[in-house]
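In what follows, a structure is listed as C-alpha cells, so that the remarks can point back to it.
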Amino acid sequence: MTVIHNPSTLTTANLRREIAADIDARLNLAANEASTGKKADPFRDLGSGSVEILSLRSGSIRLDGFMTSNELLGNRLEVMANTLTESRETLQGFLEAGVSFSETQQPIGSVLQESARAAYAQLATLVNTPYQGAQLFAGTENTGPTLQRFDEQNAGTGLSPEDVMAGIVGAGITDAADAAAKAADVATVFDSANTVAPDTNFEATFFNGTPLEAAPGVPSPRQTALIDNGMMVEYGIQANDPAFRTALQGLASIAAVDPSTITVPGAYEAWVGTAMAAVGDGLQMLEAAETRLGGEQALLSQTVENQQVRATLYERQLGVLEGVDPYEAANRVTLLSTQLEATYAINARLSRLTFLSFM
C-alpha cells in the first residue's frame, strides 16, 4: 500500500513565502536595471568577460585623475601667464617713461629713480601674489615671499636689497670708470657669484626660492607635472631666471642712485644707460618666457582634449558591457510584477481556506 505524505501547512506556507520573496528580489533587480540602464551585477552576467570591465574602470579612474590634476595645472599656468603679461607691461611702461633720460642727464633725473623703485615694487607684488597658498615663481620651494621688497630686510641675511645696492654704490658714481666698475659688481651680485660676501647675492637676499643650481654645475630640479601616462613635463618660470633677474638688476641700479646726482660727463651714460639696457634685455627675455609658457599651455590643452576623447570612449565601452536593453528590462519588470501579484493573490486565497470551507 502506498502512503502519501502531504506537506504540513507550515511547510507549504514557508514555500509560498520563499517563492514570493524570490520574485520580489528579481523584480527589484529588474526595476533597478530599468531605472539606471545598467546591469545590477555585470560581473555575474559577463563571467570571464568581467575582466575587461575591471580594466576599463581602472583606466577610466586613472584618466579622471589626470584630467582633474590637469585642470588645476591649466589654471596655475593661466595665472602665471597673466602675471608675466602684467610684469612685461610694467617694464614696458618704465622704459617708455624713462627712455629720454638714458643717455643725457636731465634736471628731473630723480623722477627716474622713483619710477624704478615703483616698478621694482610692482614686480615684487605681482611675483609674490600666491595661488592656492603657493608661490608661483619660487620654483619647487615655498618659503615665503618669492622676491624681497627693495627696502625690506631678508630674515636670512639681515640685509635688504637696498642695503646690498648701497654697499656697492657707496657715496655715489664719481666717473665713467667708477660707474663701469660698480656695474660689474652689481652684475656679480645678480649672478649670485659673489663668493667674498655671499649674503649679498641675489639668491641670498633678493630671492627666496629654489636656487638655479643645487651645486656648482648641477641644475636644481624644476617644477614638473605628470599630465598623462609616461608624459612628464617641465613648466613655469622662476623669479631668479635670467628674464626677471636681468630686469631687476637694471631697476635696482637706478633705484639705488638718484640719476640727477651723476654730474660727471660719461658717468651718467655708463650707469643709467647700462641699467636701462638691462631692463630692456629683461623685457625681451620675459617676452620669450611668455612664448615658452604659451607652448606649455598649448601642449596641456591638446593633452586634455585627447583625454576627453578617451574618456568618452571609456564611457561608451563600459556602457556596452554594463548596459541593459531598456525595453527588455521594462518587460521583465512587467512580467515579474504580474507574477508577484498573482503569487500574493494565491497566497491570500490559500491562507483563508479552512476545513470548514468545505463542510
Side-chain angles (χ1 to χ4, degrees), residues 53-91 122-149 203 207-214 219-245 247-248 285-319:
I53 289 183
L54 291 174
S55 177
L56 288 171
R57 283 184 178 175
S58 176
S60 179
I61 291 172
R62 186 166 57 252
L63 185 60
D64 286 343
F66 279 128
M67 293 175 67
T68 298
S69 62
N70 286 344
E71 181 181 1
L72 296 176
L73 177 59
N75 294 337
R76 183 181 179 89
L77 294 182
E78 182 66 23
V79 174
M80 293 185 82
N82 291 337
T83 301
L84 290 182
T85 298
E86 293 183 53
S87 298
R88 176 174 51 79
E89 291 173 350
T90 296
L91 293 176
Q122 180 63 15
L123 282 184
T125 298
L126 289 170
V127 168
N128 291 343
T129 301
Y131 177 71
Q132 295 183 336
Q135 292 288 317
L136 291 175
F137 299 90
T140 58
E141 297 181 12
N142 186 18
T143 57
T146 302
L147 284 179
Q148 203 71 30
R149 293 189 176 277
E203 290 183 339
F207 173 76
N208 302 301
T210 306
L212 291 180
E213 293 186 343
S220 296
R222 304 287 292 200
Q223 291 178 311
T224 58
L226 183 65
I227 63 174
D228 208 339
N229 291 322
M231 196 171 181
M232 182 75 74
V233 297
E234 186 178 281
Y235 69 92
I237 180 175
Q238 296 180 188
N240 58 337
D241 283 342
F244 275 114
R245 196 175 70 243
L248 290 170
M285 287 187 277
L286 205 58
E287 291 173 344
E290 276 191 278
T291 301
R292 186 171 64 255
L293 184 61
E296 294 166 2
Q297 289 179 289
L299 173 62
L300 182 63
S301 178
Q302 184 60 57
T303 301
V304 170
E305 288 182 13
N306 294 338
Q307 290 171 338
Q308 289 171 340
V309 172
R310 285 158 52 197
T312 300
L313 293 176
Y314 274 127
E315 184 178 352
R316 288 178 180 174
Q317 188 62 24
L318 284 169

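Position 1 is the first residue of the sequence, and the numbers go up from there.
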Checklist entry - Does a side-chain heavy-atom distance below 4.5 Å link Q132 with V79? => result no

Checklist entry - What do the steps show when you test Q308 against T312 for side chain to side chain contact (heavy atoms under 4.5 Å, CB included), and what is the final call? => result CA-CA 6 Å; Q308 289 171 340; T312 300; 5.6 Å; no

Checklist entry - Can you find a pair of side-chain heavy atoms, one from R76 and one from L72, that are under 4.5 Å apart? => result no

Checklist entry - Would you say the side chain of T85 lies within less than 4.5 Å of the side chain of R88, judging by non-hydrogen atoms? => result yes

Checklist outcome for this item: Separation between CG (L300) and CE (M231), nearest 0.5 Å, reads 8.5 Å

Checklist entry - Considering all heavy atoms of both residues, which atom of T140 and which atom of P221 are nearest to each other, and what is their separation? => result CG2-O, 3.7 Å

Checklist entry - What closest approach, in Å, do Q238 and T210 show between heavy atoms, and which atom pair accounts for it? => result NE2-O, 3.2 Å

Checklist outcome for this item: Per side chain to side chain donor-acceptor pair (under 3.5 Å), Q135 is matched among T146, T129, N208 by T146

Item to check | Spacing of CG belonging to N82 relative to CD belonging to E78, to within rounding of 0.5 Å | outcome: 5.0 Å

Item to check | Close side-chain approach of Y235 and T224, heavy atoms under 4.5 Å | outcome: no

Next on the checklist: Just verifying a value: how many Å separate Q223 CD and E141 CD, rounded to the nearest 0.5 Å?
Outcome noted: 11.0 Å

Item to check | Residue pair R62 / N229, side-chain heavy-atom distance below 4.5 Å | outcome: yes

Item to check | Nearest heavy-atom neighbours spanning F207 and A138 | outcome: CZ-O, 4.1 Å

Item to check | Nearest-0.5 Å distance that lies between atom CZ in R149 and atom OG1 in T125 | outcome: 3.5 Å

Checklist outcome for this item: Of all heavy-atom pairs linking I227 and N70, the shortest is O-ND2, 2.9 Å

Checklist entry - Do D241 and R292 sit within salt-bridge range, that is, some charged N less than 4.0 Å from a carboxylate O? => result no

Item to check | S220 side chain vs P211 backbone, donor-acceptor pair below 3.5 Å | outcome: yes

Next on the checklist: Do E305 and S301 have side chains that approach each other closer than 4.5 Å (heavy atoms only, starting at C-beta)?
Outcome noted: yes

Checklist outcome for this item: Separation between CE (M80) and CD1 (I237), nearest 0.5 Å, reads 7.5 Å

Item to check | Heavy-atom pair with the smallest gap, counting every atom of N75 and Y131 | outcome: CB-OH, 3.0 Å

Next on the checklist: Restricting to non-hydrogen atoms, name the atom on F137 and the atom on F244 that form the minimum distance, rounded to 0.1 Å.
Outcome noted: CD2-CE1, 4.1 Å

Next on the checklist: Regarding E315 and S60, do their side chains bring together a donor and an acceptor under 3.5 Å, going by distance alone?
Outcome noted: no

Next on the checklist: The test is side chain to side chain contact (heavy atoms under 4.5 Å, CB included); show your working for D64 and Q307 and say whether it passes.
Outcome noted: CA-CA 9 Å; D64 286 343; Q307 290 171 338; over 6 Å; no

Item to check | Side chain to side chain, T303 and V233, heavy atoms closer than 4.5 Å | outcome: no

Checklist entry - How many angstroms lie between CZ in R245 and CE in M285, if you round to the nearest 0.5 Å? => result 8.0 Å

Item to check | 4.5 Å side-chain heavy-atom contact, L126 and E89 | outcome: no

